[in-house]
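Computed from a predicted structure; not experimentally measured. When reading the values below, keep in mind they use all heavy atoms of this one structure, side chains included, and skip hydrogens, waters and symmetry mates.
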Amino acid sequence: MSLVVLDPGIQCTVQAAPRVRFRHAGVPSSGPADPVSMALANRLVGKPADAACLETTYGPAVFRFEAPVQIALTGAVARIHLGGAECPMHATLDAKAGDTLQIAAARTGVRIYLAVSGTLHADVFLGSGSTYLPAGLGGHEGRTLRNGDHLALGPAAPVPAIATPDQLILPPAASYALRAVPGPDFTGGAEISPTSVYRVTQRSSRMGVEIEGAFPPHEGASLLPSSAVFPGALQVTPQGRGFLLLPDGQTTGGYPHVLQVIRADRHLLGQLRPGDSIRFLLRTQLEAEAALRAKQALLQAWMPDFRL
């Protein structure tokens, strides 16, 4: 049986577990831009947290199911219709053979995750089925999905219909307060204050998100040697713009690395859309570790196999 792509929207890819232990070789992690939402979708159809899903961007998107299947949608907020009837997000849904799933344009947030019962086929590269678009690796032929694509689905036993607990539903907003620790090129507490507001520009992709605001100048910003960077890194360019790295972002960079969004908040970066506002809240390493333990405990109570 298969899932048929009738309209993939702006960008739809297959994403699964991140690609780990290869950054030293210049291979980004890839994987979901919002791993919490992907894990929630998989939990609703009885699959492991990092099982392959479809990651749609903004919408609208349309899919058809050629056999009975259970599905779930999480992430950005949008209206969805299955077989012509409006259905909720964050719930297990039963699709009949021939049913069409219509995802409207996202009202808030960017990425919607579609999990399907049964194994969604993905091309595995270096241990992960996640798509890395710049190099054409993993996922479905290493590319975005197109009209007419058929994605193979393995059989699956039905699971009880459930819904995401209310305390785990964090709908994307238009304003974010992101906790961050100082990066290696941070030069002082007055550099970025909690009252400083930054805005997401139109430059946004799975590689990273550009933000604009009052970044202080950094002496020799264009002359720094390249060094390791990771998703969640905030670098400032000589033009005075910030760039927040996402899962497909490069593994090294030469711009000043002024902040690092803490691991507990990194999943929020995948839902930043142009025009959204951001404030950065400075935290110590110990505070960042405590925040990670607290959020990990909250999520693992319902998703025991999930790791931020």
Side-chain angles (χ1 to χ4, degrees), residues 18 29 31-40 74-77 106 108-111 167-216 218 229-237 240-250 253 255-299 307-308:
S29 57
D34 178 356
V36 170
S37 290
M38 190 181 87
L40 289 171
T74 59
V77 177
T108 57
V110 175
R111 294 173 175 91
Q167 67 270 25
L168 300 186
I169 300 177
L170 303 172
S175 179
Y176 292 83
L178 299 174
R179 294 169 290 184
V181 296
D185 301 310
F186 184 76
T187 58
E191 190 171 89
I192 297 177
S193 77
T195 59
S196 301
V197 178
Y198 302 87
R199 294 210 175 271
V200 180
T201 75
Q202 295 294 324
R203 293 186 63 190
S204 176
S205 71
R206 282 183 46 84
M207 294 187 71
V209 174
E210 185 186 64
I211 61 175
E212 58 185 3
F215 291 105
H218 192 289
V229 288
F230 304 88
L234 172 63
Q235 295 182 284
V236 179
T237 69
R241 297 271 177 114
F243 204 75
L244 280 166
L245 297 186
L246 266 63
D248 283 356
Q250 70 272 16
Y255 294 138
H257 179 180
V258 296
L259 291 179
Q260 180 72 37
V261 175
I262 69 172
R263 197 171 187 89
D265 287 357
R266 214 170 294 169
H267 64 99
L268 300 171
L269 303 182
Q271 298 296 352
L272 294 175
R273 65 191 290 164
D276 285 354
S277 64
I278 299 172
R279 290 184 301 121
F280 293 103
L281 309 179
L282 285 178
R283 295 292 185 263
T284 66
Q285 185 66 36
L286 289 177
E287 289 172 330
E289 292 170 4
L292 176 59
R293 286 194 295 268
K295 184 170 281 189
Q296 187 71 69
L298 174 67
L299 294 168
R307 300 291 185 275
L308 277 165

Student: Does CZ in R263 sit with more than 12 non-hydrogen atoms of other residues, nucleotides or ligands closer than 6.0 Å?
Tutor: no

Student: Once you round to the nearest 0.5 Å, how far does OG of S37 lie from CG of L268?
Tutor: 9.0 Å

Student: Which heavy atom of G109 sits nearest a heavy atom of A106, and at what distance?
Tutor: O-CB, 3.8 Å

Student: To check you understand the geometry: which heavy-atom pair defines the closest contact between I262 and A288, and what is its length?
Tutor: CG2-CB, 3.6 Å

Student: Mark yes or no for whether R273, through its side chain, and V110, through its backbone, hold a donor-acceptor pair below 3.5 Å.
Tutor: no

Student: Checking R241 now: which residues fulfil side chain to side chain donor-acceptor pair (under 3.5 Å) with it, not counting sequence neighbours?
Tutor: E210, E212

Student: Of the non-hydrogen atoms in E287 and T284, which two are nearest, and what is the gap between them?
Tutor: OE1-N, 2.9 Å

Student: To the nearest 0.5 Å, how far apart are CG in L40 and CD1 in I169?
Tutor: 8.0 Å

Student: Around atom CZ of R307, are there more than 12 heavy atoms from other residues, nucleotides or ligands closer than 6.0 Å?
Tutor: yes

Student: What pairs with A233 under side chain to side chain contact (heavy atoms under 4.5 Å, CB included), at least two apart in sequence or on another chain?
Tutor: V229, L245, H257, Q260

Student: Could you check L234, L259, V200 and say which one makes a side-chain contact (heavy atoms from CB on, under 4.5 Å) with L244?
Tutor: L234

Student: What is the minimum heavy-atom distance between D185 and Y255, and which atoms define it?
Tutor: OD2-O, 4.2 Å

Student: Show me the side-chain donor-acceptor pairs of residues 171-178 shorter than 3.5 Å, one per line, residues at least two apart or across chains.
Tutor:
unit_1: S175; atom_1: OG; unit_2: S277; atom_2: OG; d: 3.2
unit_1: Y176; atom_1: OH; unit_2: A173; atom_2: N; d: 3.4
unit_1: Y176; atom_1: OH; unit_2: A173; atom_2: O; d: 3.3

Student: As an exercise, state the distance from CZ of F230 to CZ of R266, rounded to the nearest 0.5 Å.
Tutor: 9.0 Å

Student: So which atom in A33 and which in P247 form the shortest heavy-atom distance, rounded to 0.1 Å?
Tutor: CA-CG, 3.8 Å

Student: Less than 3.5 Å apart, which donor and acceptor atoms pair up between the side chains of residues 289-297 and the rest of the protein, not counting sequence neighbours?
Tutor:
unit_1: K295; atom_1: NZ; unit_2: A264; atom_2: O; d: 2.8
unit_1: K295; atom_1: NZ; unit_2: H267; atom_2: NE2; d: 3.0
unit_1: Q296; atom_1: OE1; unit_2: L308; atom_2: N; d: 3.0
unit_1: Q296; atom_1: NE2; unit_2: F306; atom_2: O; d: 2.8

Student: Residues two or more places apart in sequence or in another chain: which of them pass side chain to side chain donor-acceptor pair (under 3.5 Å) with T108?
Tutor: none

Student: If I take atom CG from residue D34 and atom CG from residue L272, how far apart are they, to the nearest 0.5 angstrom?
Tutor: 10.0 Å

Student: How many angstroms lie between OG in S196 and CD1 in I278, if you round to the nearest 0.5 Å?
Tutor: 12.5 Å

Student: Roughly how far, to the nearest 0.5 Å, is the OH atom of Y198 from the CZ atom of F215?
Tutor: 5.0 Å

Student: Can you name the residues that form a side chain to side chain donor-acceptor pair (under 3.5 Å) with D248, not counting sequence neighbours?
Tutor: S30, R206

Student: Considering all heavy atoms of both residues, which atom of P231 and which atom of S29 are nearest to each other, and what is their separation?
Tutor: CG-OG, 4.1 Å

